[in-house]
Protein chains: 2
Amino acid sequence: MRNTRADVVAAALRVLAAQGLESCSMRRVAAELDVQPSALYHHVPNKQSLLALMADEIVGSVGLGEADPRQLCTELRDAMLGVRDGADVVATAEAFRLGSSAIEERLAELVGADGARTLLLFTFGHAQATQTHRQAAEFGALLPGAVAAGQGGVGPGLTGAAGEGTASDLDASFGRGISIILAGLSATLR
Amino acid sequence: MRNTRADVVAAALRVLAAQGLESCSMRRVAAELDVQPSALYHHVPNKQSLLALMADEIVGSVGLGEADPRQLCTELRDAMLGVRDGADVVATAEAFRLGSSAIEERLAELVGADGARTLLLFTFGHAQATQTHRQAAEFGALLPGAVAAGQGGVGPGLTGAAGEGTASDLDASFGRGISIILAGLSATLR
DNA sequence: ACCTGAACACCGTTCAAGT
DNA sequence: ACCTGAACACCGTTCAAGT
């Protein structure tokens, strides 16, 4: 036995981490395993299934015993932000089973079905936006000017094209969004 | 002058409506205009830009004079759901400029920056899930069994694999999610 | 300014055939 | 069971050249 399905998923996650979702093709994953592209179809029916398995792995660390919805969403967010393009992978795969994922079910026990869906969609969307933003910032950092200007004290407010989108800004924005939704749930339940 | 940028965008939207996002390649758009693929690059720098222009067109009908945030989100949702794969096109393109789109700015005037972002992300995510679900339902309708069983009265609750995801269910779910967020905003602002 | 023709460097997926 | 080799039907993008 040369390779198992788990080997394929692991190789795909290695390619994702190293090269990003854009470059995570069936052919590159196959190359990572030193195998022909067609060999992958012995372990996985198609690329979409492979992405779903990757999403499961990324999200697998989230503790379903968690009783605090905010904590659960934060863990989910951290898991997605922990791997390159993780938010895109999870959001894409998860959208297909909205209403039937383990995390949504756990969340629904805590805050009801509508609350769970609202929290989840916000968490996915915000993580995607955060990751997109970070990517753009990284890219911008490779361009002339405004590199590590924020540290040196060149100017007070203006740090290149980043403007107002610091990492901590996005963390705070996420927390405030969750607060809004949770407040709405309390208010709705009287 | 054979073609203008607007012609390219219009052709792309025609292809999108007819064949979906998957099939909306630069090559197909070029074919729709009876032109070589390379000709498109005279009007648009790359595919991503073309998708952004398509998103602008899809969302352009949303009235920015609207003073009711719920109504604004509903209009946005309707605009996205009005074209095949519209939610994906808009969400993808809009994610890149989160914090700077016209709709988000209008929404921010009404409910603040955090509320605007929360409402927008929920609206995008829910529309994407709705459209994915509809697509799956359409696909399922082509398979044997459980076609229009809901009408005839074969059974009370079970309508094929659709289960609980009727169109009106999703409409209602959207409305309740918006209600939760708006309630949370009222509660947060005391 | 707008377009053609040809090329480059890729894709996902299928399928007969090997071991 | 797991994999190779070869093919099919595509991609986005570039670039010299035409009009």
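Naming: A, B, ... by sequence-line order, numbering from 1 per chain.
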Short side-chain N/O contact from B:Asn3 to OP1 or OP2 of C:dC3, under 4.0 Å = yes
Please answer whether the main-chain N or O of A:Asp68 pairs with a side-chain N or O of A:Glu66 as donor and acceptor at a distance below 3.5 Å.
-> yes
Write down the distance separating the P atoms in C:dA9 and D:dA9, rounded off to the nearest Å.
-> 23 Å
Nearest-nucleotide comparison on DNA chain C, the residue closer to the 5′ end among B:Pro37 and A:Ala39 | B:Pro37
Hey, does the side chain of A:Asn46 reach the backbone of A:Ser49 with a donor-acceptor pair shorter than 3.5 angstrom?
-> yes
Taking a pair as Watson-Crick or G-U wobble with both distances under 3.5 Å, which nucleotide is matched to D:dA7?
-> C:dT13
Would you say a side-chain N or O of B:Ser25 is under 4.0 Å from OP1 or OP2 of D:dC11?
-> yes
Starting from P on D:dC10, measure out to NZ on B:Lys47 and report it in whole angstrom.
-> 14 Å
Heavy-atom closest contact (A:Ala55 atom, A:Val90 atom, distance) | CB-CA, 3.9 Å
What does C:dG18 pair with, Watson-Crick or G-U, if both distances are under 3.5 Å?
-> D:dC2
Would you kindly give the CZ-to-C1' distance between A:Arg27 and D:dA9, to the nearest whole Å?
-> 12 Å
Value in whole Å for how far the P atom of C:dG12 lies from CG of A:Leu40 | 10 Å
Take the protein atom CD of B:Gln36 and the nucleotide atom P of D:dT13, then report the distance between them rounded to whole Å.
-> 16 Å
Does C:dC3 have OP1 or OP2 sitting under 4.0 Å from an N or O in the side chain of B:His43?
-> yes
Atom-pair distance (CD on A:Gln19; C1' on C:dA9), nearest Å = 15 Å
Please state how far atom NE2 in A:His42 lies from atom C1' in C:dA17, giving the value in whole angstrom units.
-> 13 Å
Rounded distance (Å) that lies between atom C1' of C:dG12 and atom CG of A:Asn46 = 9 Å
Would you kindly compare A:Tyr41 and B:Arg2 by the position of their nearest DNA chain C nucleotide and give the one closer to the 5′ end?
-> B:Arg2
Listed nucleotide nearest any side-chain atom of A:Val35, set D:dC3, C:dC11, C:dT4 | D:dC3
Please give, in whole Å, the distance from C:dG12 C1' to A:Arg28 CZ?
-> 14 Å
Show your reasoning for whether side chain to side chain donor-acceptor pair (under 3.5 Å) applies to A:Gln128 and A:Asp88.
-> CA-CA 6 Å; A:Gln128 270 183 291; A:Asp88 276 307; 2.8 Å; yes
Around atom CD of A:Glu57, are there more than 12 heavy atoms of other residues, nucleotides or ligands at under 6.0 Å?
-> no
